[in-house]
Amino acid sequence: MSRHQAYRNYDYENDINEYDGDGDGYSDEGEELSPEDRAQMDAGTDEIRASLGSESSKVTTQQIQEALWHYYYDVDKSIAYLISKFIAPPSKKKEPVPSPDDVVLAAQSQAGSKKPAAGTSKKKADSGTKKGDVTDRVKDLKIDDTPLPKSKNLDVLKEFEKANSKKSASFVVVGHVDAGKSTLMGRLLLDLHVVDQRTIQKYRKEAASIGKSSFALAWVLDQRSEERSRGVTIDIATNRFETDTTLFTILDAPGHRDFIPNMIAGASQADFAILVVDATTGAFEAGLKGQTREHALLLRSMGVSRIIVAVNKLDTVGWSQARFDEISQQVSGFLSATGFQLKNVSFVPLSGLHGDNIVARSRDEAADWYSGKTLVEELEGSEPMARALHKPLRLTISEAYRSTQSPLTVSGRIDSGSLQAGDALLVQPSGEKAYVKSLELDHQPVDWAVAGQNVIIHLSNIDPIHVRVGDIICDTKQPIACIDTFTVKALAFDILMPMQVDVHRGRLHAAGQITEISALLDKVKGTVAKKKPKIVKPASVARIVVKMGTKVPLEAGQRVVLRSGGDTVAAGLLE
């Protein structure tokens with residue numbers, strides 16, 4: 001249970017005897033406030049004490065800070081509650097005790113319906129009636145409870161056309177564990193001056209202290225202490241950079257098979273992919289039997305059609321052209337069998353550790369045989385997927401957190417549609433309405449955003465307990481439906497039968513069960529080859545029915561992955 005959930009379940013009305021002493025401020029057993037929350041809490045406490053003046057002695061710091069926490073640091077609401085509850089409580093009657101929100105609403109009603117004449121407060125104060133003075137303070141209190149900023153009512157698509165900005169694209173970096181994905185991306189960001197040499201030197205020193213000096217470049221993206229100590233990427237790491245033509249978002253996916261769900265989440269947000277293979281003797285062969293092949297299958301299943309194969313660590317085999325050709329041949333074979341068109345596949349020999357053929361060409365004489373494009377040139381030549389600009393808004397939440405701008409901030413990639421500041425939104429599956437308080441794109445405030453962009457949204461008028469990672473933000477007029485049964489046209493990677501499965505769609509994953517196999521389909525024609533088979537063999541295409549344990553936001557045209565026992569068993573398109 002989160003701190004705020006625990007607080008909401010607290011008996012807020014019967015707490016007066018619990019706070020006889022003046023504590024050190026809000027604390028919840030076993031959990032500390034973040035530095036941002038602590039700063040807001042301290043500033044709010046000082047402001048309330050100053051506003052209450054001599055009356056502030058009637059409330060403890062603990063009571064002030066509990067009110068601030070409950071009302072998301074809204075000082076006016078907190079003052080209204082404190083005055084009505086502790087400073088000028090209503091006379092006791094045998095009636096139901098109002099909730100804290102009822103108290104604030106009553107104070108708002110008084111403030112809005114009765115506007116005291118000028119000088120009223122002064123006359124009351126002059127009369128020396130203390131109770132009248134406090135009552136007047138409540139009447140004079142004005143609370144702006146408007147849940148959203150005024151929308152500019154922009155035609156977002158026209159604004160997007162007029163913007164004439166650089167194209168934006170996202171790519172996911174995948175491959176077997178220890179292929180050098182994070183190090184490769186760290187070198188890319190260093191050579192493009194997104195991170196400076198001083199930062200890398202700091203990371204090298206810190207990495208050397210735990211015996212992992214070669215991991216310094218990987219630490220540019222692997223920021224979590226667990227990732228650094230274990231030397232593996234666990235969750236999707238994101239970063240941004242720009243070239244002369246394109247704004248790129250990197251999605252560095254974990255290679256370890258234990259974290260495949262996170263890799264699926266990364267692939268679902270990508271326009272194209274970099275598949276990193278380790279050219280070291282024996283390592284490529286091991287990867288081909290491991291996650292290299294599974295990652296390629298998942299990429300194709302998630303709709304990714306363009307793939308750049310980064311043949312990494314080629315310096316460890318003396319920049320052998322024969323080794324590069326051997327790897328290119330084998331990878332081309334299984335990518336073609338997976339469904340990739342070879343015209344959309346390219347190969348780059350490189351060294352992530354030393355920076356060869358990433359941004360600049362290799363200066364090693366042994367690599368003179370390669371005259372093709374660098375990795376960055378291949379990225380710039382890759383076209384992002386067509387944007388679903390005219391479809392209803394759909395955004396899958398990748399992160400949800402409290403920020404200084406809002407009690408609830410979410411981030412994610414807009415799958416379709418557009419939005420602007422002031423828009424009303426619907427969060428599914430909770431069905432709760434929220435408003436766009438403000439937007440950020442590439443950490444810069446903006447008025448609008450469109451499909452294909454990774455955006456940060458500061459929300460208002462919604463309780464954080466109704467929002468989770470994997471939820472979908474959608475248009476209130478054309479919402480996504482929440483369903484518990486669906487039919488999917490799936491490619492089988494393993495034997496399928498009525499069985500328990502985990503359903504993955506982006507960041508969402510939920511338990512389900514294959515309840516029926518409706519038909520086996522012809523791979524080429526798509527027609528029914530056999531009705532209601534008992535099992536589906538690997539590499540076959542079938543129409544299957546999946547029953548979920550709970551309702552989830554899904555609709556036709558979305559891609560889902562089915563996993564069982566830690567393995568990917570099927571993937572396909574919702575019908």
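Contact record, S406 with H458: CB-CB, 3.8 Å, taken as the closest heavy-atom pair. Heavy-atom minimum distance, L335 versus I307: CD1-CG2, 4.1 Å. Closest approach of A400 to L408, counting heavy atoms only: CB-CD1, 4.4 Å. Taking all atoms of both residues into account, the shortest heavy-atom contact from S540 to L520 is CB-CD2, 4.2 Å. Taking all atoms of both residues into account, the shortest heavy-atom contact from P553 to I472 is O-CD1, 3.9 Å. The nearest pair of heavy atoms linking A367 to S362 is CB-OG, 3.6 Å.
Salt-bridge formation is detected for the pair E383/K167: a Lys NZ or Arg NE/NH1/NH2 atom is positioned less than 4.0 Å from an Asp or Glu carboxylate oxygen. Using a cutoff of 4.0 Å between basic side-chain nitrogens and carboxylate oxygens, D567 and R563 are not scored as salt-bridged.
You'll find the side chain of L459 reaches within 4.5 Å of the side chain of L425, heavy atoms only. In this structure the side chain of P429 never reaches within 4.5 angstrom of the side chain of K551, judged on heavy atoms. Residues Y370 and V348 form a side-chain contact, since some pair of their non-hydrogen atoms from C-beta on lies under 4.5 Å apart. A 4.5 Å side-chain heavy-atom check between V536 and I495 finds every atom pair outside the cut-off. Using a 4.5 Å heavy-atom threshold, the side chains of V174 and L298 count as separate. At least one side-chain heavy atom of V156 sits less than 4.5 Å from a side-chain heavy atom of W448. L379 has its side chain within reach of I274: a pair of non-hydrogen atoms, C-beta onward, lies under 4.5 Å apart. Residues S168 and F248 form no side-chain contact, since every pair of their non-hydrogen atoms from C-beta on lies 4.5 Å or further apart.
With sequence neighbours excluded, the residues satisfying side chain to side chain donor-acceptor pair (under 3.5 Å) with E326 are R323. In terms of the side chain to side chain donor-acceptor pair (under 3.5 Å) criterion, N357 has no residue partners (sequence neighbours excluded). With sequence neighbours excluded, the residues forming a salt bridge (charged side-chain N to carboxylate O under 4.0 Å, His left out) with D278 are K313, listed by chain and number. For A451, the side chain to side chain contact (heavy atoms under 4.5 Å, CB included) partners two or more places apart in sequence, or in a different chain, are R387, L389, I414. When the side chain to side chain donor-acceptor pair (under 3.5 Å) test is applied to S332, no partner is found at least two apart in sequence or on another chain.
In this structure, CG on L508 lies 11.5 Å from CD1 on I397, to the nearest 0.5 angstrom. The line from CE of M497 to NZ of K537 is 12.0 Å long, rounded to the nearest 0.5 Å. In this structure, CE on M548 lies 11.5 Å from OG1 on T515, to the nearest 0.5 angstrom. Between the CZ atom of F486 and the CD1 atom of I544 there is a distance of 7.5 Å, given to the nearest 0.5 Å. From L314, atom CG reaches atom OG1 of T280 across 9.0 Å, with rounding to the nearest 0.5 Å. Taking CZ of F340 as the reference point, atom CZ of R306 lies at 11.0 Å (rounded to 0.5 Å).
A donor-acceptor pair under 3.5 Å links the side-chain atoms of D423 to the main chain of Q420, judged by distance alone. A side-chain donor-acceptor contact under 3.5 Å links S430 to the backbone of V427. The closest donor-acceptor contact from the side chain of D522 to the backbone of T527 lies at 3.5 Å or more, if one exists at all.
Side chains of T243 and E380: a donor-acceptor N/O pair is present below 3.5 angstrom, by distance only. Side-chain contact check for T338 and R300: no donor-acceptor pair (N or O, by modelled atom type) lies under 3.5 Å. Side-chain atoms of S170 and N454 include a donor-acceptor pair closer than 3.5 Å. Side-chain contact annotation: S346 with E378, donor-acceptor N/O pair under 3.5 Å present.
Ring planes of H504 and H509: parallel class, angle under 30° (limits at 30 and 60°).
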I would like to know whether V446 and E440 meet side-chain contact (heavy atoms from CB on, under 4.5 Å); could you show each step before the answer? CA-CA 6 Å; V446 293; E440 288 182 37; 5.9 Å; no
Which is it for I457 and L395 under the side-chain contact (heavy atoms from CB on, under 4.5 Å) test, yes or no, and what are the steps along the way? CA-CA 11 Å; I457 311 174; L395 180 147; 4.0 Å; yes
L375 and I308: CA distance, side-chain angles, deciding distance, side-chain contact (heavy atoms from CB on, under 4.5 Å) verdict: CA-CA 8 Å; L375 181 63; I308 302 167; 3.9 Å; yes
Carefully, step by step, assess R543 and L521 under the rule side-chain contact (heavy atoms from CB on, under 4.5 Å). CA-CA 7 Å; R543 182 173 286 119; L521 304 176; 3.7 Å; yes
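The list of side-chain hydrogen bond (donor to acceptor under 3.5 Å, both in side chains) pairs with a residue in residues 468-485, not counting sequence neighbours, reads D484-K547.
Remark: R293 is positioned above the aromatic ring of F334, its terminal NZ or CZ atom under 6.0 angstrom from the ring centre and at most 45 degrees off the axis.
The side chain to side chain contact (heavy atoms under 4.5 Å, CB included) test with Q558 is passed by exactly one of D415, I480, V488: I480.
In this structure, F324 has its ring center no closer than 6.0 Å to that of W319.
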